[in-house]
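These notes concern the structure reproduced below.
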Amino acid sequence: MGIGSRLFLIIFISLGLGIFVSYIIAERDITDTFQKHIINELQNQASLLAEVVDEVDAIGDLNEADSLADRLGSASNSRVTLILSDGRVIGDSNIDTQNINDMDNHINRPEVQDAFLKGSGWSIRYSDTVKQQQMYFAILDNNDVSPNVIRIAVPYVNVDSAIGSLNLSIILIALVAFIVTSIASGIAANYAYRSIADLAYATSKIADADGKARKKDLKALPTERTDEFGNVAQSVSQISEELKSKINLIAKQRDQFGSVLDDLGEGIIVADIDGKITYENEQVSLILNKNELVGKKITDLNIKSLNYLLKRAKKKKRADIEFEIELNDRSTRWVLATINQSKTTKEFILVVHDITQLRRFSSMRRDFISNVSHELRTPVSVIRANSETLVDGALDNKKQSKVFAKAILHNAERLSDMVSSLLDLSRIDYGELKLNIEELPINEHINKAIDSLKNLGKRKNISITCSCSKGKIVLADKNALERILNNLIENAFKYSDYQSTINISTKKVKDYLEISVKDSGRGIPDEEQDFLFDRFYRTAEARATEEKGSGLGLAIVKNLVNNLNGEVGVKNAKPQGSIFWFTLPLKTS
Ligand code: ADP
């Protein structure tokens, strides 16, 4: 139902009710007033008649009594009845004399009864005698001993016709009210409708618009009006402003929260109760190697472990699992996924971590322990075997005992080297190695290292040269630099063939100096280059040779170079051999 029809109905029903209630009250009051007025009149007339008649039973006969009633009736323009104290009627202005005796005894008429009791009485009822509604008034005559009754009656139609004309007026008033109501409600509804429609149009435009358009629509609100519509418009404008600032705040917080989530190392997915993804941070697609997850279901990702996880979370609210996924380059990644179901929203929050590195570390730790044990066991077993041989009698043979003692010494040295290398590594790892960074002329240090190791090369007739740019100063720790250079040059000698050459060169790369040690030895297969700087790693070929080694030297080099803020690496030399290089920060002049 439209607002116009509602207003019409409200006004019309209110007016109708008002008119109806007024009608009831008016009818009651008019009837009451009329009755009182007639009773008053009848009482006056009856009193007058009582004075005229004096005593009813004193009238000689029926004829005289009835003719007196007739005369009094025509004089008062009403019906007059003379009733004896026993209720018998002896005269009635509306009844012929010969019929008087046929009339009922009137002792039980309510007005007659009231007259005997209270001196006068009245009643309204339909009269069978005159065949119409009559109003009766009865009064006692002047006989004090046995009073008789004089009754006067008038037709009651007068009152009814008055009420009838009142009804007509009421109908007319109702008709006028209906027309007035229709016009008034039409005007009011139209006014209210236009005001509401304007307001609704302005508010709906505000809801749809944003930015400048919204500002313009806000201005279009009738806020300057002083009525209720003005109040509503002001409230809408205020709410809209508050909402705008709240939305801005929420958007800001969401962006901040989103960037925090994006900066986390973990990938995060939020899914609704059906497993449909509603949020993903940047990391998740990197970790799971899947794109544009929002809108998809977790089960659509085709990762069995995640499906299983979701199933468990539906039962237990929280679950986690570790699984491996294959990447595009056929390598694999280990992922730890934890899922939680929110108690309030019932959403699933899935957090994924890339634990490949962690797994690698833990496997490295395991490998390290087994490597240490393995590497230590060899020299220890050699020392033990040689010592046992000596104890078992070889000591007596001077020549043999020297061989066994040498073997013991050699392996003890190897053991000692290995232990001190391990200690050095752990010192570097725990930051216990104190580096004293100073400006060092690199050529001086390279030449010093060459001089100290030259003898190693002599055995294999290997020549070593340095083609280094002059005057370069690096920022490094003296001892660490010496250790790095010695290690790389030693290796170059160790893994080079007889009569080969080793060349050391330097090159400026941005703010760094790159120092390379190039040999023309056996080189390193590509697939092994990545592991060369790992602890205890030795190439298969190195293991097969007689060359002693622990596989810890390059690990120490890498750690030292990194601590000096440089980088280290290896590549193959042409036509054969390898180039080990490292960088150090150059002194900036
Ligand atoms: P090691 O004590 O075995 O020399 P390093 O850590 O110094 O231990 O070297 C690790 C491995 O790297 C060696 O075992 C060897 O296999 C390889 N390697 C190092 N330097 C060279 C080189 N110049 N040419 C070929 N292989 C090398």
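Basis for what follows: all heavy atoms, side chains included, without hydrogens, waters or symmetry-related copies. We count ligands from 1, going down the list as the structure has it; atoms in each ligand are counted the same way. Throughout, numbering of the chain's residues begins at 1 and tracks the sequence.
- For the side chain to side chain contact (heavy atoms under 4.5 Å, CB included) with L586, the qualifying choice from L513, D511, L475 is L513, the only one to do so.
- Note on residues 440-496: pairs passing disulfide (SG to SG under 2.5 Å), not counting sequence neighbours, are C466-C468.
- When atom types are taken as modelled, the side chain of T501 and the backbone of S463 share no donor-acceptor pair closer than 3.5 angstrom.
- Numbered from 1 in the order shown, with element, the atoms of ligand 1 that lie under 4.0 Å from a heavy atom of Y537 read 10 (C), 11 (C).
- The contact set between ligand 1 and L552, taken as ligand atoms under 4.0 Å from a residue heavy atom, comprises 6 (O), 8 (O).
- Ligand 1 is approached by G551 to a heavy-atom distance shorter than 4.0 Å.
- Contact analysis leaves F533 out of contact with ligand 1, as no non-hydrogen atom separation drops below 4.0 angstrom.
- In the vicinity of A542, heavy-atom distances shorter than 4.0 Å reach the ligand 1 atoms 14 (O), 15 (C), 16 (O).
- Closest to atom 23 (N) of ligand 1 among all protein heavy atoms lies D519 OD2, 2.8 Å.
- Classification of the Y537-F531 ring pair by plane angle, with boundaries at 30° and 60°, yields tilted.
- Under a 4.0 Å criterion applied to the non-hydrogen atoms of F580, ligand 1 contributes the atoms 19 (C), 20 (N), 21 (C), 22 (C), 23 (N).
- Remark: the S237 side chain and the S240 side chain contain no N/O donor-acceptor pair separated by less than 3.5 Å.
- Put simply, the side chain of K587 does not reach to within 4.5 Å of the side chain of V474, judged on heavy atoms.
- Nearest protein heavy-atom contact of atom 19 (C) of ligand 1 is N491 ND2, 3.5 Å.
- Considering only non-hydrogen protein atoms, atom 12 (O) of ligand 1 sits nearest to L532 CD1, 3.6 Å.
- In terms of protein heavy-atom proximity, atom 16 (O) of ligand 1 is nearest to T539 OG1, 2.6 Å.
- Side-chain contact, S467 with N503: a donor N or O sits under 3.5 Å from an acceptor N or O.
- Within the 3.5 Å criterion, the main-chain N or O of E347 finds no donor-acceptor partner in the side chain of D272.
- Under the 4.0 angstrom criterion for non-hydrogen atoms, N487 is in contact with ligand 1.
- Checked by atom type, the side-chain pair Q529/N572 shows a donor-acceptor distance below 3.5 Å.
- Here N397 contributes atom CG and T389 contributes atom OG1; the two are 12.0 Å apart, rounded to the nearest 0.5 Å.
- Here the protein heavy atom with the shortest distance to atom 13 (C) of ligand 1 is Y495 OH, 3.3 Å.
- Of the protein's heavy atoms, I524 CG1, 3.6 Å lies nearest to atom 26 (N) of ligand 1.
- Put simply, no part of E541 is less than 4.0 Å from ligand 1, judged by heavy atoms.
- When hydrogens are left out, the protein atom nearest atom 2 (O) of ligand 1 is S550 N, 2.8 Å; that is the closest non-hydrogen contact.
- Looking only at side-chain heavy atoms (C-beta outward), L552 and M418 come within less than 4.5 Å of each other.
- Of all the listed residues (Q529, R538, M418), R538 holds the heavy atom that lies closest to atom 3 (O) of ligand 1.
- Interface atoms of ligand 1 facing K494, defined by a heavy-atom separation under 4.0 Å, are 1 (P), 2 (O), 4 (O).
- Of all atoms in ligand 1, numbered sequentially from 1 with element shown, those under 4.0 Å from a heavy atom of L554 are 5 (P), 6 (O), 7 (O), 9 (O), 10 (C), 12 (O), 19 (C).
- In this structure, F493 and K460 have side chains that are not in contact, with every pair of non-hydrogen atoms separated by 4.5 Å or more.
- For ligand 1, the atoms lying closer than 4.0 Å to a non-hydrogen atom of S578 are 22 (C), 23 (N), 24 (N).
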